[in-house]
Amino acid sequence: MAFTLYSLIQAVILCVNAVAVLHEERFLSKIGWGVDQSIGGFGDEPGIKVQLMNLVRSVRTVMRVPLIAVNSVCIVLLLLFG
Amino acid sequence: MDMDYTATQSVSRQHPETRSTSMDGTDPSQLFDDTSVAPGGQPTGFQGQGVGTMGHPGRTLLSDPMSNLAMAYGSSLASQGKDLVDKNLDRFLPISKLKYYFAVDTVYVGKKLGLLVFPYMHQNWEVSYQQDTPVAPRFDINAPDLYIPAMGFITYILVAGLALGTQNRFTPEILGMQASSALVWLIMEVLVVLLSLYLVTVNTDLTTIDLVAFSGYKYVGMIVGVVAGLLFGRTGYYLTLLWCCISIFVFMIRTLRLKLLSEAAAQGVLVHGARNQLRMYLTMSIAAAQPIFMYWLTYHLVR
């Protein structure tokens, strides 16, 4: 129960890393979560699965490069301060 | 007087780049339009003025013309820096939007606190608008504000320290731990609510700050519960917490119903369809998460 802001930051970094390592063609297409399978339904209800797929794709696109920097900083900090 | 004049000039020469662009750019080495024509003649005039206005026989700080110039320089530099900071800060923290949430007065706070513990008599839960912008909380009791959540959070930490002190478990570090724990739970709750709002594609005008405000309203119930627990023991704590949990549940449902559900469903008509059902479930789970958090964050304080 003793959460600190730092543990929250660590948890967020781990989750975003987990989303970023999902490979598009090796994994996501195999389970039906690929990019090409999300462009369906032009109605006003995309549905939860399509929203999730869009979210995964956008997180991977946006957070690729900043994650490199954030992970490097985190590794250095953990090496120095444990 | 001559050495003071050269001292000011050397100070001015150290900062030519900051001043030459704003002041007269023709002569960067000279800061201001120099009004002291003769160093010998002017100071006596200022001396006389100083004696007349302040009654000090010698040269005081404010009557010295060079320090007048230095004060003017410093104040204009300070206002420049303030403008720069304001412009840059507004990019990260929307300060003007935050000001709306703190536009409260005593009557609003009193009524809102009463509404948080007894929401059963209130009839009209709609937020009133004024030409497409929401009215300030001062004039509309249904508008969310950030004053009560902020004060509630701080009071919760203080009451937690008090409660731990009565059990001889108090150390100063615990206050910081409680504060960061509660803050972390608040951030996680707001993030989860934002994620679920995105997934269900609800077209709502709830902003992130609104969600923070709604999540912060449960601190009021928590404080009342813990104080009752301190005064009346565990029975009082459980009874008051039960009452406050039910009140917050009803309050959240009635407030969120108007914002999240479609028009027809908000009137109470049973609208079928998977999407409306999903929205109803979302509202119920947001409201149900509040009592859970209220119990989770306070049960260790009352033994």
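In what follows, chains are A, B, ... by sequence order, proteins preceding strands, each numbered from 1.
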request  = Could you please spell out the steps behind the side-chain contact (heavy atoms from CB on, under 4.5 Å) verdict for B:Val184 and A:Thr4?
outcome  = CA-CA 7 Å; B:Val184 162; A:Thr4 59; 5.9 Å; no
note = From the list A:Leu52, A:Asn54, A:Val50, side-chain contact (heavy atoms from CB on, under 4.5 Å) with B:Leu199 holds only for A:Leu52
task = Verify the neighbour count for atom CE of B:Met284: are there more than 12 heavy atoms of other residues, nucleotides or ligands below 6.0 Å?
result =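 Counting neighbours around CE of B:Met284, 12 or fewer heavy atoms of other residues, nucleotides or ligands fall under 6.0 Å, so no.
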query = For atom CZ of B:Phe153, is the number of surrounding heavy atoms from other residues, nucleotides or ligands below 6.0 Å larger than 12?
reply = yes
inquiry  = Has A:Gln51 got a side-chain atom pairing as donor or acceptor with B:Val200's backbone, closer than 3.5 angstrom?
reply    = no
key: salt bridge (charged side-chain N to carboxylate O under 4.0 Å, His left out) partners of residues 178-201 of chain B, not counting sequence neighbours, each pair once   =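 Counting only pairs at least two positions apart or across chains, the salt bridge (charged side-chain N to carboxylate O under 4.0 Å, His left out) contacts touching residues 178-201 of chain B are B:Glu189-B:Lys218.
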task = Output every pair passing salt bridge (charged side-chain N to carboxylate O under 4.0 Å, His left out) with a member in residues 67-81 of chain A, not counting sequence neighbours, ordered by first then second residue.
result = none
message = side-chain contact (heavy atoms from CB on, under 4.5 Å), that's the test. Do B:Leu183 and A:Leu8 meet it? Break it down for me.
response = CA-CA 10 Å; B:Leu183 197 64; A:Leu8 181 72; over 6 Å; no
